[in-house]
Amino acid sequence: MNPILEFKDVSLISTKTSRLQKINFSVWSHEKVALIGKSGAGKTTLIKIANGTIKPTKGTIRLKGVEINQVKRKARSCIGTIWQDLRLIEELTVAQNINAGALSKHSFLWAIRNIFGLVNVDLCKRYLELVELPPEIINLRVDMLSGGQQQRVAIARLIRQSPELLLADEPISNLDPELVKKILSLLLQSKKIKNFKIPSTSIISLHRPEFIKDFSRVIGLKNGTVLFDLPTSEVHNYLLKSLYE
Amino acid sequence: MKKLFIRIFKSSGLISLLLLVRLFTNQTHVLSQESLKISAIPDQNPERLNRMYKILANELSKELQVPVKYIPVINYSSAVTSFRTKNLDLVWFGGLTGVQARLQTPGSKALAQRDIDAEFYSVFIANHKSNLPVINDIDELSLLRGKRFTFGSESSTSGRLMPQYYLKQAKVSLSDFQGGRPGFSGSHDATIALVQSGSYEAGALNEQVWEERLASGEINSSKLKVIWRTPPYFDYHWVVQPDLDNRFGEGFTDKLQNFFLNMNKRNSSNQRKILKLFGAKKFIPAYNYQYKEIETIGREIGKIR
Amino acid sequence: MLKKINLAPQIICFLPIVAIIPIGKDIFLDFHSGGINTLYKFFSSALFPSFDYLVIENSINGIKVTLSIAFIGWIISIINGLFLGLICSDIFYKTFNTPKIIHKIIKCLLAIPRGIHELIWGLLLLQVFGLTTWVAILAISIPYSALMARVFADQIDALGTRKIYALKSSGAGSLEALITALMPKLFPIIISHSAYRLECAIRGATLLGVFGLGGIGTELQLSIQSLQFKEVWTSLWILGIVVFTLEEIIKLAQNSFQSSINIRSTSIILCSTLFFLLCFSFTYLKSIDIGLAFNFIPVTLSHKSHFIAALKDLEIIRLSLESINMMLLASGLAIGAPPLICLLLPGEFSRKVISIIWLVLRLVPIPLLAILFLLFINPSISVAALALGIHNMGIMGKILLDTVNNTDDRISLAIKASGGNERVAWLYGKLSPKSIAYLSYSLYRADIILRETAVVGVVGGVGLGWQLQESLTSFAWAEVIIVVSTFVLLTMIGELISEKLKSNLKNDSLSLKAV
């Protein structure tokens with residue numbers, strides 16, 4: 001069986017600070033990977049390369065054994081991303097944003113109907129319930145919500161997309177501790193809840209190592225190279241220290 | 001409230017749809033009935049032209065049994081262009097515009113002219129305040145140097161082409177006027193008004209219009225006077241499209257010509273009125289060759305290429 | 001060593017007014033009292049316009065034609081502008097991965113329709129299509145489509161690709177991603193820019209009428225040519241009332257749209273209104289039997305030798321310099337005068353009066369202004385520049401008041417509270433925060449004024465515009481082509497320069513219309 005995601009000798013050389021050198025790793029089904037490192041270590045770049053937004057200078061990325069450039073557009077939807085800046089569309093309502101996760105499954109006409117608010121919102125209410133948001137906000141513009149609420153709308157959009165692999169770029173960096181636990185448990189549970197498919201495999205970048213115990217595997221990034229790639233139980237404090245010094 | 005709005009707009013949409021349907025069903029209707037489109041260069045006040053040509057269109061329609069429509073145009077060159085683009089069938093052109101139109105519309109021909117057009121004159125007029133004397137010899141036109149001077153339309157024969165031609169013979173060039181260039185008032189009536197008001201000290205225009213306005217008392221002769229009259233030349237004439245016989249039946253062009261030529265012989269008060277409005281006793285045949293001299297002068301001055 | 005002088009932007013706003021010195025000098029020297037009587041008659045007729053039934057009927061029919069032409073041309077240009085704007089935007093090829101070179105080519109090609117003033121389009125199209133209403137509609141929609149395409153492309157690019165990439169990475173198709181990510185943001189921009197363009201379209205349609213393409217402009221031209229000032233004022237009043245009402249309705253509608261977030265009801269209302277207007281305009285034009293038929297009559301193009309001869313005959317350099325000179329003088333007046341007038345006449349009431357005067361100034365077509373000035377001033381570049389400048393002053397004045405009114409009151413209130421007078425408060429509290437936006441709009445306007453020199457040249461007897469009219473009435477196509485190409489070239493250069501200056505202003509929060 002192929003790994004879900006495979007990085008092989010991936011390098012990115014650019015004039016800006018975001019650089020990666022010879023990254024090699026594979027992520028298998030049902031793995032929960034924490035991607036840690038200081039800011040600027042290349043976490044965001046790595047995630048953008050993984051979801052195909054940035055093309056690497058060298059190396060290949062395979063999605064379930066197929067090179068990422070060859071992946072058909074609709075098959076792309078098996079990767080879902082929670083962006084650091086969320087990338088919700090502020091002018092649209094919560095429901096319209098959640099529906100935007102399902103664009104790959106629908107036609108152009110449906111996309112237009114969605115913008116004009118002509119798509120049924122009942123389904124979206126169930127997603128809201130899942131991320132513990134009150135259903136009343138369904139027709140509010142997302143820019144009227146708080147940061148934490150927006151974060152959860154982004155998760156709802158992701159679940160609507162129902163990907164197999166979850167990529168999340170620092171999804172908990174700006175949240176208060178109470179919320180962090182909720183969000184992490186939502187992102188990391190692998191069982192099916194109420195007929196919703198939660199992605200079974202995830203790569204989540206964190207810039208602080210507090211929560212790595214919830215993960216099965218940790219990849220430490222430093223200056224664009226992989227410093228270590230170990231099961232969580234083998235990550236020792238001195239490794240973390242060298243990562244953050 | 002919002003629902004009401006939407007309902008209103010939905011119904012308005014329906015109405016517009018109906019309008020659109022009507023629009024396209026109408027179109028075939030209009031095309032089946034072809035009308036003869038007549039026009040004239042706008043050399044005088046538009047109200048006057050409107051009056052004149054409405055009567056003429058009625059008479060033509062009665063006499064020839066086809067719908068006739070008068071289409072006003074705003075300047076000389078758009079009359080020429082509209083004739084070339086077949087938007088107009090029969091146009092009352094000046095000498096220069098007639099030549100321009102016939103050069104651009106192969107096959108079109110001069111149909112008729114007024115008795116006065118075979119020997120037409122322009123007059124130079126001046127405001128009394130300008131202290132310009134009456135000119136006896138063409139060379140004295142040089143007195144106009146340094147004055148504020150206006151022509152009529154850029155493409156007018158009697159209001160620009162011939163006056164400029166004679167000015168040139170007196171060695172007065174356009175840059176000799178005050179301000180380095182002459183004005184172009186647009187029409188003969190405008191020339192009269194602007195020289196009378198003092199905006200320009202002198203100007204040149206069609207003698208027939210001048211005589212008429214003088215007779216009707218529209219000119220304040222304490223302010224304006226004629227200072228010179230040009231030698232005679234051919235001017236206004238009717239020009240027709242070459243394809244009228246195809247469109248309106250064999251011999252239509254001849255019928256049209258006969259309508260004008262026999263106008264003075266018919267016992268019709270309307271037709272006599274038309275002749276009067278045209279300032280003529282009768283219409284006489286016109287021939288393309290009569291305008292060779294105008295063409296030469298037009299080329300010399302650069303208005304015909 | 002070149003010493004760099006730093007001028008505050010609010011000072012630069014006033015500087016262009018120095019153009020008044022050469023204009024004023026020329027006008028003073030060329031002034032003659034010959035037409036004062038006529039001028040007096042003109043102004044006294046303002047209060048006593050003709051109430052003759054026929055005159056009023058003609059004016060109302062004229063305004064209906066003008067509005068119909070403006071509406072149709074405007075709606076066509078919105079649709080085209082959106083489409084072309086999308087295609088020209090950088091985001092488009094980044095999203096669809098189409099070759100960049102094609103977009104660059106389209107973008108460059110669009111500079112040609114944009115560089116030619118609607119009047120020139122009108123005069124040129126008239127030659128090939130004859131006297132039909134389509135000529136006026138096309139003359140408006142061709143340059144406006146290109147103008148709007150540019151504005152929309154800039155606006156689309158300003159939105160960035162982040163969200164589109166986000167949607168695409170989740171497997172959405174390019175078109176779906178584009179629509180979902182851009183439409184909601186673009187919608188208010190489209191509405192406000194289009195609303196602004198409508199007034200321009202009405203002005204354009206009026207101007208085309210002055211040159212014989214029908215509508216109120218034709219009525220105005222006919223009555224001013226025969227010096228029937230009472231009739232002129234009937235048309236002017238009707239035009240003013242209609243445009244004023246229309247502007248107020250648009251303002252109201254825009255405010256209500258801004259407060260409502262529902263893109264659905266807004267677009268339903270808008271689309272049905274536009275559709276209704278479109279049908280109504282078509283039906284009206286049809287009902288008065290203005291030619292709507294299309295027939296193409298090609299012009300026999302000149303031989304190569306004609307071009308060579310024309311190139312020798314035409315003093316292209318001198319004519320271009322005249323046009324540029326005229327543009328500079330007119331822009332100086334149009335840009336510098338509004339802030340100065342606002343500074344000299346503070347207070348609510350005088351503001352109201354000024355804004356009405358500005359409305360009149362921008363509604364009177366430039367050729368008519370020029371004809372009026374020629375009644376008592378000898379023809380010169382300055383007269384042409386004066387007409388051009390005063391007309392554009394009406395536009396710049398409106399922009400100034402609109403942008404300044406959008407400035408919040410805090411600074412000016414603080415200045416007043418600390419004892420500053422009304423004028424100081426206006427200068428530092430209201431103008432200063434917006435001076436860069438005003439200046440960058442001024443640069444854009446200067447581009448437009450360069451195009452408009454074509455219009456006034458036709459009347460004033462100067463520059464390329466004059467040559468164009470001469471060549472057109474002489475039917476010398478080689479000359480026409482050369483003059484029009486020169487115009488395109490000049491406006492392209494002008495655009496490049498103003499773009500450069502704009503980026504020097506270094507402000508990324510320009511007001512919307514400034515782009």
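Numbers restart at 1 for each chain; the letters A, B, ... are given by sequence-line order, proteins then strands.
Side-chain contact between C:Thr180 and A:Asn99 is absent, with no heavy atoms from C-beta onward closer than 4.5 Å. Side-chain contact between A:Ile89 and C:Met183 is absent, with no heavy-atom pair separated by less than 4.5 Å.
When all heavy atoms of C:Gly171 and A:Arg76 are compared, the closest pair comes out as CA-CB, 3.8 Å. Taking every heavy atom of both residues into account, C:Ala172 and A:Arg73 meet most closely at C-NH1, 3.4 Å. Between A:Phe108 and C:Glu176 the shortest heavy-atom distance is N-OE2, 3.3 Å.
Of all the listed residues (A:Val71, A:Ile115, A:Ile112, A:Asn51), the one sharing the greatest number of non-hydrogen pairs under 4.5 Å with chain C is A:Ile115. With chain C as the partner, the residue from A:Lys105, A:Lys74, A:Glu90 showing the most heavy-atom pairs under 4.5 Å is A:Glu90.
With a 4.5 Å cut-off on non-hydrogen atoms, C:Ile179 touches chain A through its backbone and its side chain both. A:Leu88 touches chain C through its backbone: at least one of N, CA, C or O sits under 4.5 Å from a heavy atom, while the side chain does not.
In this structure, the separation between CZ on A:Arg157 and CG on C:Leu167 is 5.5 Å, given to the nearest 0.5 Å. The OG1 atom of A:Thr81 lies 14.5 Å from the OH atom of C:Tyr165; values are rounded to the nearest 0.5 Å. Taking NZ from C:Lys163 and CZ from A:Arg87, the interatomic distance works out to 9.0 Å, rounded to the nearest 0.5 Å. Note that CG of A:Leu103 is 11.0 Å distant from CG of C:Leu175, once rounded to the nearest 0.5 Å.
Heavy atoms of other residues, nucleotides or ligands lying less than 6.0 angstrom from CZ of C:Phe83 number 12 at most. Other residues, nucleotides and ligands contribute only 12 or fewer heavy atoms inside 6.0 Å of the NZ atom of A:Lys64.
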